[in-house]
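Keep in mind that this is a model prediction, so the values were computed, not measured.
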2 protein chains.
Amino acid sequence: MSNTMKKVTITDVARHAGVSIKSVSRVINDEPSVRPALKAKVDQAVAELGYRPNFAARALAAGRSFFLGVLFDNPSASYTLQVINGAYAACRAAGYQLVIENIDAAARDVSAQMEDILHSSRLDGMIVTPPACDSEAVLTALETKGLPYVLLAPGHEEPGASSVASNDAAGVFELVRHLWGLGHRRFGLINGPATHGASHWRREAFLNALAERGADPATVVMADGEFNFSSGIGAGLHILRQTPRPTAIFAQNDDMAAGVFAAAAQLGIKIPDDLSVVGFDDSWIAKSVWPELTTSRQPIWEMTEAAVQLLLNRRKGEKGGNQMFECTLVARGSTAPPRG
Amino acid sequence: MSNTMKKVTITDVARHAGVSIKSVSRVINDEPSVRPALKAKVDQAVAELGYRPNFAARALAAGRSFFLGVLFDNPSASYTLQVINGAYAACRAAGYQLVIENIDAAARDVSAQMEDILHSSRLDGMIVTPPACDSEAVLTALETKGLPYVLLAPGHEEPGASSVASNDAAGVFELVRHLWGLGHRRFGLINGPATHGASHWRREAFLNALAERGADPATVVMADGEFNFSSGIGAGLHILRQTPRPTAIFAQNDDMAAGVFAAAAQLGIKIPDDLSVVGFDDSWIAKSVWPELTTSRQPIWEMTEAAVQLLLNRRKGEKGGNQMFECTLVARGSTAPPRG
DNA sequence: ATATACCCCGACAGCGGTGTCAGGCTGAGA
DNA sequence: TCTCAGCCTGACACCGCTGTCGGGGTATAT
């Protein structure tokens, strides 16, 4: 093991193994056509010396940085952190480093921000999270810079772009099946902001699923939110003051669903006795309310790992693809049969 | 501006400005003894060519990486993200990159994990967040590697180490003053885990503040939590079932305070009418409950920025220091005079 | 005008790897 | 046994920037 502190370089390894530095380099990089015997010698020397390649030197010589970036726009705590964790794990496993980048896609100077980010940190690739992945300016910047990127849950079909998405529609269908099965017939729906693609397709999926069961979509009480807690309160209050009051509310993400809890508390409405609530994402907040929130789990971790893989594969010349992940129903305490 | 795409190197700038590359380097690095006229020429050339120094080359030549790490152990969403954001901003401002590192300080192989992290990513410094900052193994690894580090809210006095802390005691005193002023006399206290230094001193501060006002600390109903939501529920239930029931509960962080909300809801206890609740940190969850949580704001952003500065200054040979930040009371809807 | 410091600036050698390319070794075919 | 691919391996330049150090310029004193 590495008793040796202080920088061991490739030259040391080469000398120790009695081969050339280039050969060591080949072994390190898993290049083809390296005879097993050579590889063994080198591997042993590496182990004995505790050698670790120097990032900077590799980056400089190879012209790549071994850095992958994740671009965030809306730092919604739970979602963001899940993405970070997933990407982090995948990166480390691949010998890459993860760097976080933030922009404000709503601002006027998006292009300048992107220019700045892309220029200053020489990334090998970038994962673009919603809603940045739907920003024209962001994609253009990426494109002109020629940086490989993969879109996470993009709201639109980008011709040649790689993407990783979740089957939200199926997830929503499950949710509806669940609620319908419990006996609910009067529904409330809280949409997300129009800038997020998810807002559209989750709404469509919800209304379609209802229609499929013979319900009249026109009876659904809708309200708009911002994918955050406080907007959920407002939307929740709006919906819960309708007559007849819905017995179940679908909030398009967990944060807004939590807001509905607050709204219900204010109005003295008990969950799940008087009202069932479902969210979407199964983010951290879903288990931070009481009763815990029934929701549809989006496999964010897996999706992010896939995104990293896509990025790495593109380096090897492979074409990017479009992967789809399934959402799964997570039934918790916030849903129950309607009373009466 | 930079119409020019494709790598502009320091050589290009030097040629364009009619100076040597070393002079450009000097200007870039703000080295002393550079005549204004020279600096002006270089700056102009840099601007005209849209030059950005290459990270890898700088890192390789200078023997530093321009990377700062933040070490996390307990990915408590809100806290973690606030730290990341603060550190991110400070890093970018200083021309550094931020890399996130996770470990499991409770695991047996902490040393191996640290070894791995420290070896593979050649950081220039590291910010160590709680509770990792109190892990013997972590600090030892840092020390033997000789990597500059700064402790964020450490639970103990580490002789030569730099640290940034918040004045939790004062924050807790404020909280007590607030509750006492409202008329509360029977209190509940939810502690954090023993591995966190904060658990100890927040408890002491709370009991002292009460004693100072003539209350008998022995009447305080205590329960232990884990600094997370669900443990807050359990602790809350425990406390709220006591007779006589406390009229106010201090949970040592916001997550557990939110748990108390859930516990109260289960027992049909109304906040703030029947029970006042206060937390600590003013993290994201404080505004994700209803009524919003009265808490003590810990200036995490500022603290993190300070930590980065400390790290950067140490590079310049300055000695590290120990900075202290004040906590401020944030009165929201979860506190009110006790009923009756 | 000349000497004496002092202050700037430039030439050059690496930092630690990787890409290129030529040469050596291997095994198959004659 | 000799020839000729074909597969491995090694020598070397170079990626873009910074540290060192010596030379030249500038200002001040004489």
Side-chain angles (χ1 to χ4, degrees), chain A residues 4 6-43 45-46 49-67 95-97 119-122 124 315-316, chain B residues 4 6-43 45-46 49-67 95-96 119-122 124 315-317:
Chain A
T4 12
K6 298 316 144 194
K7 11 191 162 186
V8 181
T9 75
I10 199 173
T11 314
D12 301 326
V13 178
R15 187 164 33 226
H16 191 86
V19 301
S20 77
I21 52 174
K22 181 59 201 181
S23 291
V24 177
S25 171
R26 288 208 180 81
V27 173
I28 303 286
N29 293 295
D30 267 324
E31 288 181 24
S33 64
V34 171
R35 212 163 287 179
L38 209 191
K39 175 169 164 55
K41 268 197 298 189
V42 173
D43 281 340
V46 166
L49 265 37
Y51 167 73
R52 306 282 189 127
N54 178 314
F55 264 101
R58 286 199 344 155
L60 180 58
R64 53 196 178 120
S65 64
F66 292 91
F67 283 103
Y96 273 67
Q97 292 279 340
H119 253 91
S120 63
S121 48
R122 317 220 160 175
D124 284 347
R315 258 202 52 75
K316 300 180 192 159
Chain B
T4 12
K6 298 316 144 191
K7 13 192 161 188
V8 181
T9 76
I10 199 173
T11 315
D12 301 325
V13 177
R15 186 163 33 228
H16 191 86
V19 300
S20 76
I21 53 174
K22 181 59 200 181
S23 291
V24 177
S25 172
R26 288 206 180 83
V27 173
I28 303 285
N29 292 294
D30 267 324
E31 287 181 25
S33 65
V34 171
R35 209 164 291 177
L38 210 192
K39 176 168 163 54
K41 267 198 298 190
V42 172
D43 281 341
V46 166
L49 264 38
Y51 168 72
R52 305 283 188 128
N54 178 314
F55 263 101
R58 283 193 355 150
L60 180 58
R64 52 195 177 120
S65 64
F66 291 92
F67 284 103
Y96 273 67
H119 251 91
S120 64
S121 48
R122 318 218 161 175
D124 284 347
R315 259 202 48 76
K316 299 181 192 158

Nearest-Å distance for atom pair CZ/C1', residues B:Arg52 and D:dC15
20 Å
Give me the atom names and distance for the closest heavy-atom approach of B:Tyr51 to B:Val8.
CD1-O, 3.2 Å
Answer yes or no: does a side-chain N or O of B:Ser25 lie under 4.0 Å from OP1 or OP2 of D:dC17?
no
Nucleotide nearest B:Leu38 (side chain, heavy atoms from C-beta), chosen from D:dT18, C:dT18, C:dC9
C:dC9
Just call it for A:Val24: base, sugar-phosphate, or nothing, with non-hydrogen atoms closer than 4.0 Å on any strand.
nothing
Of the listed nucleotides D:dT26, D:dT18, D:dT9, the one nearest the side chain of A:Arg26:
D:dT9
Below 4.0 Å: OP1/OP2 of C:dG16 and any side-chain N or O of A:Thr9
no
Atom CZ in B:Arg35, atom OG in B:Ser23: separation rounded to 0.5 Å?
11.0 Å
Looking at every heavy atom in both B:Lys41 and B:Ala17, which two are closest together, and how far apart are they?
CD-O, 3.8 Å
Shortest non-hydrogen contact from A:Ser25 toward A:Ile10
N-CD1, 3.8 Å
What integer distance in Å separates A:Asp124:CG from C:dT18:C1'?
14 Å
Could you tell me whether B:Ile28 contacts a base, only the sugar-phosphate backbone, or nothing, with contacts defined as non-hydrogen atoms closer than 4.0 Å?
nothing
B:Lys39 NZ to C:dC8 P: how many Å, rounded?
14 Å
Phosphate OP1/OP2 of C:dC9: any B:Ser23 side-chain N/O under 4.0 Å:
no
Of all heavy-atom pairs between A:Ala59 and A:Ser65, which one has the smallest distance, and what is that distance?
CB-CA, 3.9 Å
Which nucleotide in the set C:dT18, C:dG14, D:dG10 lies at the smallest distance from any side-chain heavy atom of B:Ala61?
C:dG14
Specify the separation, in whole Å, of atom CD1 of B:Ile10 and atom C1' of D:dG19.
13 Å
Using whole Å, report how far NZ of A:Lys22 lies from P of C:dG16.
18 Å
In this structure, how many angstroms lie between the P atom of C:dG17 and the CG atom of A:Asn29, rounded?
11 Å
CZ of A:Arg15 versus C1' of D:dA11: gap in Å, rounded?
16 Å
For B:Val19 and A:Pro53, find the nucleotide of DNA chain C closest to each by heavy atoms; which residue's nucleotide sits nearer the 5' end?
B:Val19
Which nucleotide in the set C:dG17, D:dC17, C:dG19 lies at the smallest distance from any side-chain heavy atom of A:Glu31?
C:dG19
Of the listed nucleotides D:dG16, D:dT18, C:dC9, the one nearest the side chain of B:Asn54
D:dG16
Could you give the CG-to-P distance, from B:Leu60 to D:dC14, as a whole number of Å?
17 Å
Which of the following nucleotides, C:dC9, D:dG16, D:dA11, is nearest to the side chain of B:Ala57?
D:dG16
Using only side-chain N and O atoms of B:Arg35, determine if any of them is under 4.0 Å from OP1 or OP2 of C:dC8.
no
Looking only at heavy atoms, the pair that brings B:Val42 and B:Val19 closest together is CG2-CG2, 4.1 Å
